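The structure appears right after this line, and notes come after that.
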Amino acid sequence: MYKTHNCGELRSAHIGQTVTLAGWVHRRRDHGGLIFIDLRDRYGVTQVVANPEINATVHDALAEARSEWVLQVQGVVGNRPEGMHNPNLPTGDIELAAQEVVVLNPAKNPPFAINKEDELIDENLRLKYRYLDLRRERMKRNLVLRHQVVKFMRDYLDQAGFVEVETPILFKTTPEGARDYLVPSRVYPGEFYALPQSPQQLKQLLMVAGVERYFQIARCFRDEDLRGDRQPEFTQLDLEMSYIHRDDILAMVEGLYTAMVKAIVPHKRLLSSPWPKFSHTEVMDRYGIDKPDLRFGMELYNVGAIFAQSEFKVFRGALDSGGVVKCIAAPGCAEYSRKEQDELVEFAKTQGVKGLATLGLGAEGLKGSAAKFINESEVAQLRQTTGAKPGDLLLFVADARAAANKALGALRLLFRDRLKLADKNMLAFAWVVDFPMFEWNEEFQKWDAAHHPFTMPRMEHLGRFETDPASILSDAYDMVCNGYELASGSIRIHRRDIQHKVFQLLGLTEEEIERKFGHLLEAFEYGAPPHGGMAPGVDRTVMLFADEPNIREVIPFPKNQAARDVMADAPSKPDARQLKELHLKVD
RNA sequence: GGACCCGUGGUGUAGCGGCCAAACAUGCGGCCCUGUCAAGGCCGAGAUCGCGAGUCCGAAUCUCGUCGGGUCCGCCA
């Protein structure tokens with residue numbers, strides 16, 4: 001070992017001991033005579049002091065040292081002089097009087113400061129030098145937090161009788177869903193493996209195999225465009241249980257997360273426990289989105305009834321064509337300028353609606369674009385329905401229901417951030433249940449599975465496959481928290497006939513069903529138990545726990561938004577020989 | 001595929017038609033300094049303002065294009 005102790009553990013009790021530390025030069029303070037070096041390793045920082053009158057060689061060596069040099073220092077742990085203790089440092093009562101210094105490795109000046117936390121360094125630069133970025137306190141903290149989260153999950157599920165099983169990374173491409181990452185086979189020209197979008201089929205087969213309680217910290221791959229909470233590869237806590245109903249698995253995951261919050265982020269509070277449960281319809285109506293942030297109010301209100309007799313053309317048109325008029329009330333924003341209101345309108349348009357009407361309940365009367373079209377009686381009813389107060393700004397969208405929900409839901413989040421309506425130490429977990437089983441795909445004129453095709457439709461709705469697929473509900477469920485979808489899951493189909501029926505409705509031919517899912521359907525014929533599961537996102541969980549704005553901050557080596565690894569510069573061109581072996585030609 | 005925002009010394013910012021052969025902080029180099037801990041003091045180096053066209057007497061500043069980055073829409077069973 002290069003060291004006898006780490007840089008975070010020495011205390012007064014060690015005074016007088018001869019120890020050896022090794023680490024990076026965090027900071028150097030050269031007084032000409034005395035030199036102080038803050039030596040840093042993973043565990044902390046210890047002050048090393050060199051006195052030229054005591055040891056000139058050591059003093060000269062430390063005078064040369066610069067930031068991020070790697071040093072090994074042997075010395076005696078000493079009590080700091082009276083009044084020189086540093087209460088801000090766990091090791092602040094002692095210092096190491098250096099007797100011997102070995103430069104293990106000098107270092108170039110880093111492209112950004114490792115010993116500073118406040119500056120927001122350009123992320124591309126951080127990613128290019130990720131190994132330096134990870135030395136910084138913030139990243140180190142996130143790395144360790146992630147470890148704690150994963151370890152807690154493993155321990156908790158082990159206690160609950162789950163078995164961790166690894167499933168293949170090289171698997172089979174599946175239709176629908178996200179775009180697959182394909183891996184060419186050298187042995188079979190023209191054939192490809194696919195990286196799993198999730199271990200969905202495999203874990204179901206593990207249920208058929210009798211594992212009963214399975215979990216895996218599973219890497220998943222989806223070749224879609226990136227977002228702050230989406231990476232091409234990400235990690236899920238993949239879970240599956242046999243002989244359970246929906247509420248059994250919800251209770252299992254709720255228990256896990258509730259215990260985990262208490263153990264790992266005790267400074268965070270749960271909005272409610274047990275967690276509330278909403279139907280999909282209800283969250284869409286009230287929050288305009290299927291992953292509501294419940295930490296604040298500002299709900300959406302359907303005010304169509306108030307304007308049933310309105311002559312306001314915008315509202316009239318929407319209502320007459322089967323749409324809705326909905327609104328939210330932005331607290332204290334009645335005096336927004338014309339420009340500020342125009343910005344809101346523009347934002348709404350980016351969310352897919354034709355426009356946005358505004359009504360400010362100003363101190364000197366009504367303001368905003370809808371003011372002259374709304375009468376006193378309507379204002380009174382609006383105030384009653386929405387609870388809006390004088391000084392609030394009402395924002396109306398008159399459009400098709402889905403579009404209106406989406407735009408107002410997005411505006412609600414805009415105001416959350418702008419008005420700081422959400423407490424960052426609050427975790428508002430909730431369940432969303434009763435999803436529709438199918439969604440009509442306008443582009444391809446076909447039915448899609450709203451969750452995935454292995455989801456169990458409600459038994460009592462099985463008769464509607466031929467008559468009204470849109471009305472079929474499924475046993476799917478989402479776990480949401482603070483505006484993120486943290487997990488998604490369902491009770492699965494375990495009967496061949498039902499699974500076949502679903503594939504048929506999704507438009508797969510008999511030949512496709514057999515070729516793509518034959519293995520699964522056959523498995524269901526050998527005594528598949530009823531089962532279901534879910535898959536919480538590990539990256540998003542850690543992101544929420546760490547108060548980070550995106551999952552890149554909790555992934556050691558993430559891709560940028562263009563899906564590149566800017567450190568290694570991947571993806572990259574393979575050698576011609578590699579392509580030839582794989583029987584590939586590139587355009 | 002689309003919309004919007006950003007790009008100025010190593011880093012973070014300011015400047016947003018002439019006062020800029022670009023300012024501040026920090027970092028870096030040198031000198032001084034024996035109790036600092038974001039050490040201090042003095043001196044110094046370091047940027048053709050992402051790139052390319054254009055407008056103008058004059059462009060870091062305005063316009064167009066392009067490259068890079070980010071946020072969002074589409075997409076993400």
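The shown structure was predicted, so the numbers you read here are calculated from the model rather than taken from an experiment. Worth knowing before you read on, the calculation uses all heavy atoms, side chains too, and leaves out hydrogens, waters and symmetry mates. Residue numbers start from 1 in every chain, and the chains themselves are labelled A, B, ... in the order their sequence lines are given, proteins ahead of strands.
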Side-chain N or O of [X] less than 4.0 angstrom from OP1 or OP2 on [N]?
{"X": "Gln47(A)", "N": "U36(B)", "result": "no"}
{"X": "Arg564(A)", "N": "G68(B)", "result": "no"}
{"X": "Lys406(A)", "N": "G74(B)", "result": "yes"}
{"X": "Arg227(A)", "N": "C73(B)", "result": "yes"}
{"X": "Arg29(A)", "N": "A39(B)", "result": "yes"}
{"X": "Arg27(A)", "N": "A39(B)", "result": "yes"}

Given G35(B), C28(B), C37(B), the nucleotide with the shortest approach to the side chain of His31(A)
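Looking only at heavy atoms from C-beta outward on His31(A), the closest nucleotide is G35(B).
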Can Phe36(A) be called stacked on U36(B) when the rule is centres closer than 5.5 Å and an angle between planes below 30°?
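Yes; centroid distance and tilt both under limits.
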Using a strict 4.0 Å threshold on nitrogen-to-oxygen distance, state whether Arg29(A) and Asp38(A) make a salt bridge.
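Yes, Arg29(A) and Asp38(A) are salt-bridged.
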Check this for me, if you would: do Asp399(A) and Lys354(A) make a salt bridge, where the nitrogen-to-carboxylate-oxygen distance has to be below 4.0 angstrom?
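Salt bridge: yes.
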base_contact_polar (G27(B) base, Glu119(A) side chain, donor-acceptor, <3.5 Å):
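Such a pair does not exist between side chain and base.
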Write down the distance between CG (Asn124(A)) and C1' (C6(B)), rounded to a whole number of angstrom.
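The distance from CG of Asn124(A) to C1' of C6(B) comes to 13 Å, rounded to the nearest Å.
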